[in-house]
Structures are given as structure tokens and as C-alpha cells.
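In the text below, chain A, chain B and the rest are named by the order of the sequence lines, each starting its count at 1.
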Number of protein chains: 2
Amino acid sequence: MTYSEENYIKVIYHLSLVSPKGINTNAIAGMIESKASSVTDMVKKLAEKELVDYQKYQGVTLTQKGLHAAKMIVRKHRLWEVFLVEKLDFTWDEVHDLAEELEHIKSEKLINRLDEFLGFPKEDPHGDPIPDRYGQMIKVEKQLLSEVGLNKKVMCLGVKDSSPSFLQYLDKHQISLGSEIEIINKEAFDMSLTILMNGKEILISNKIAGNLFVKVI
Amino acid sequence: MTYSEENYIKVIYHLSLVSPKGINTNAIAGMIESKASSVTDMVKKLAEKELVDYQKYQGVTLTQKGLHAAKMIVRKHRLWEVFLVEKLDFTWDEVHDLAEELEHIKSEKLINRLDEFLGFPKEDPHGDPIPDRYGQMIKVEKQLLSEVGLNKKVMCLGVKDSSPSFLQYLDKHQISLGSEIEIINKEAFDMSLTILMNGKEILISNKIAGNLFVKVI
DNA sequence: AATAATTTTTAGTTTTGTCTAAATTTATTT
DNA sequence: AAATAAATTTAGACAAAACTAAAAATTATT
Ligand SMILES: [Mn+2]
Ligand SMILES: [Mn+2]
Ligand SMILES: [Mn+2]
Ligand SMILES: [Mn+2]
């Protein structure tokens, strides 16, 4: 598999998690920052290699082979992120782009040794699960903070968006994985929230709340 | 710089260390396992980018810019090799091919952090010097075992060839960096050597001796 | 100095992955 | 059920990096 094929497979995998039907051309093009026509070309090649099932105009779905390949790329991405944060002291907002490169290093042995070196972590720095060598991963029940009712106490478990700007926003407000938050107000007009954290009240927008995964505690 | 450009620059650098004149097309083609015509194409591109000086039929030399770029690739290659051996328990014969991939990961910050994490090693697992972030590296006086006179005692400091088959040969005969060796016979006919190591006599060919760097002790 | 051998460059293809523009199919409105 | 809009595919082009085969330049040999 080439660098580019791996990126497509990974994007199709991520899109599949949200909508389990056929993944359409434009959605892939949007994620990969290319054009629909380029996606059509690549999708044909992936179908040739039996990594996806594809019928014209009907979108694609991963085959078993494609699904496994995707999980192995995600495994590499997330293990490298853990390495960068745990061993090289990178911050959680710095690691994604580096992992985008490192995930393409082709060696099962390397990634399995790295896994071991890191102590077989179950989650990456953004709270996302790390597939094991067979593709198995834990499934933690989480919901978006924006969907939790008033007066509930929650713990922060992950982020939906792991862009530097969002992560830096969280850092600025001292919100990290494990933080405990109580929702004390929901503004009907814009769905912004007032939350209580470490005895301090913070106002956060609905967009922020819609990118934070939490569980009620 | 693309993956391929980096490989060319690195090869030109390695050839420059042996012969400091213009590096010729065929030599590059041989190292990179491509054809002379491909080399000509690439060399023109590198000249465009001012990484090499190039005149038709006269070979290439690295510019200052090209030399620095080459050293940074070598730095990455060797630091990743140290990482694989020291932290992930790879053997010295396994790491070269992996480092060939890892050396292309583009991040100064990553490689400087890795350097620090490894304790700023001065040499890689094959005894080759690791350039620091400015391109500086130690120069250890070494010579090939094949060039050392009879009855001399030497210490093994590095390998010229780091192919798995040669390294595995050394492992089999328990020769590693730091091993102390005494030359007790040189066969005039084929220049093979009888050496004394840990009280044991071993016969090694001239080809083996011509790939082992040592210093007289 | 002329010829032969070797090396290097040029010219023309190929493959991979991308693009734009046009054509086609599917979905949505009237 | 048409008509319109949106999504998708096709056709044709391009850049990067490789190749083969032929031409040109350099080097070695008679
Ligand atoms: Mn990431
Ligand atoms: Mn992540
Ligand atoms: Mn190496
Ligand atoms: Mn090495």
C-alpha cells in the first residue's frame, strides 16, 4: 500500500464510524483535501485491491481486508502519538501532524515493539482507543458534553476534534482528560454552557461542548 | 525536499567522503539502484535547488546547503538506529532498513527531542558518528583491520559495511564494537588473517577484515 | 592522431496521483 | 412528471520519478 492509499483507507475508516452506509465521494474529498474526481480514481484502485467495495454512484465500504488495514494505520498513528507525548514531552496539540507521517512507517515489528515499550497503552493522548495487533480496542461509553443534561457531573474523556486550536483552547481553560465538570447553566438561545470546574465557573460555547467527550459520573 | 531528493543527497554525501572530487553519475546510480539517465534528471533538479553544483559530464559536488541537508538526514538515520537498538531492543543488523524510512520524517523538533531522549549519543550502533544539530560530529581515528600490521592489538570500533549478512557474521563470531583483537598471522596468498580474540583463534578472510574499523591499542 | 570503449546526456515512454472541465447519474423541487 | 440542482464519473492534461534506447561527449587504446 502506498502512502496515498493508506490515507484514503484511513479516511474511509473514520467516516465509516460516523455513518455506516456507503461513504460518498465528496465526503472523502473533503477530508483528504482533494477533488471528487481524484477520489473516484483512487477508489477504483482500492476496489481493484479489494480493500473497498465500490459501485458507481453508490459510495464505498471497507472490506474486511480494508478494515483491518485501516485499524493498523490508526494503531500506528495513536501509538506514535503516545510515544511523542510520553517519551519526548510533546504536548497533545503538537503530535497529530507528526503522527500523520509516522503512521506510514512500514514495520509490524517496530510498532509491536513500540507498543510494548509504551506499556500497551489503551488510549492515545486525545482519549481515542488504540487497536491492539489484532485490531481489537476498548470501547468506552462517552457522549458529547453538548448532549448532557443540566446539573449533571461529568468527567472529560476525550476530544472529537484534535486540531491544535481546539486543544490549545482546552489548555488555556485547564480542561484536560480526567477533568471533572458540572453543567450549571444552558443558555436556550445559543446552547452555550456555564460549567463549574475546580470551583471556577466558565462559559463555553456549544461548539466547544460539541467537541468534548465526557461520561456522567 | 522530497523523499527521493533526500536519498540522492545522502548518497552523494556518502560518496563524497570517499572521493572528494566530483561524484559521477554511474556511482550514484549504483548506490541508489537506479539508472544513469534517472540520475542525470535528478541531479539537474538538485542543481536547480542549489543543493549541488553540476556541470555536464563533470559530476556533482554538494553545495554548503546540500552538505548541511545531507548531514541532517544522516543525523536522523543514525539517531533512529540508536533508538531502535537502545529502546526497542532491535539488533544492529535489523535497524538499517527501518532507519532508511524513518530518516525522512520531517521535524527538527522531533529529532532534537529524540537526541535528548537518547542522551545525545555520539555514535550509532555501527560505530558511525552522529552529527549534532549543527552538523558537527566527532572524528575518531580508525583504520581497517586489513591495513593493520602483524602482532598488533586492536579494538573494534565500527563497520564499513552494515549489511545484515556481514553483521550476522560478526555476531556469529562474537565480534562486537569494543572487542579486542590481536593479529597473529597474515596469509600472503589471500591476505586472510588469523586473529586472537578472548583467547580463541579465528580465521577471517581479507574481505571481512576490509570491512572492520579498528584502532591500535 | 584516429579509433574504440565507456560514460553521460537526451528524447521519448510509463506509472502514480493529482487537477479542470465536461458529461452523466441521482436527488430534490416545483 | 418534468425541470432543476447536486453529486459523481469520465476524459484529457500535468508533474514527479522512474525507465529504455539512441545520441553525444569523454576517456582509453592502439
Ligand atoms: Mn491524531
Ligand atoms: Mn489522537
Ligand atoms: Mn544505517
Ligand atoms: Mn548505522
> Heavy-atom distance under 4.5 Å between the side chains of Lys10(A) and Glu6(A), does that happen here?
Replying inline: no
> Are Leu144(A) and Phe213(A) side-chain neighbours, meaning at least one heavy-atom pair lies under 4.5 Å?
Replying inline: yes
From the options [options], select the nucleotide whose nearest atom is closest to the side chain of [X].
{"X": "Asn26(B)", "options": "dA21(D), dC19(C), dT7(C)", "value": "dT7(C)"}
{"X": "Gln58(A)", "options": "dT26(C), dT9(D), dC19(D)", "value": "dT26(C)"}
{"X": "Asp41(A)", "options": "dC19(C), dT8(C), dA18(D)", "value": "dC19(C)"}
{"X": "Thr25(B)", "options": "dT18(C), dT9(D), dT9(C)", "value": "dT9(C)"}
{"X": "Tyr57(A)", "options": "dT20(D), dA18(D), dT26(C)", "value": "dT26(C)"}
{"X": "Ser37(B)", "options": "dT8(C), dA11(C), dT18(C)", "value": "dA11(C)"}

>> Using whole Å, what does the distance between atom P of nucleotide dA18(D) and atom OH of Tyr3(B) come to?
In response: 11 Å
>> What is the separation between atom CG on Asn24(A) and atom P on dA6(D), rounded to the nearest whole Å?
In response: 15 Å
>> Under 4.0 Å, counting only non-hydrogen atoms across every strand here, what does Ser38(B) touch: a base, just sugar-phosphate, or nothing?
In response: base
[N] phosphate, OP1 or OP2: any side-chain N/O from [X] under 4.0 angstrom?
{"X": "Lys35(B)", "N": "dT20(D)", "value": "yes"}
{"X": "Ser4(B)", "N": "dA18(D)", "value": "yes"}
{"X": "Lys56(B)", "N": "dA24(D)", "value": "no"}
{"X": "Tyr54(A)", "N": "dT9(D)", "value": "yes"}

> Do His68(A) and Gln64(A) get their side chains close enough for a donor-acceptor pair, meaning under 3.5 Å?
Replying inline: no
>> We want to know whether Asp124(B) and His77(B) form a side-chain donor-acceptor pair, criterion being a heavy-atom distance below 3.5 angstrom.
In response: no
>> Heavy-atom nearest nucleotide on DNA chain C for Thr40(B) versus Glu33(A): which residue maps closer to 5'?
In response: Thr40(B)
> Closer to the 5' end of DNA chain C via nearest nucleotide, is it Ala36(A) or Gln55(B)?
Replying inline: Gln55(B)
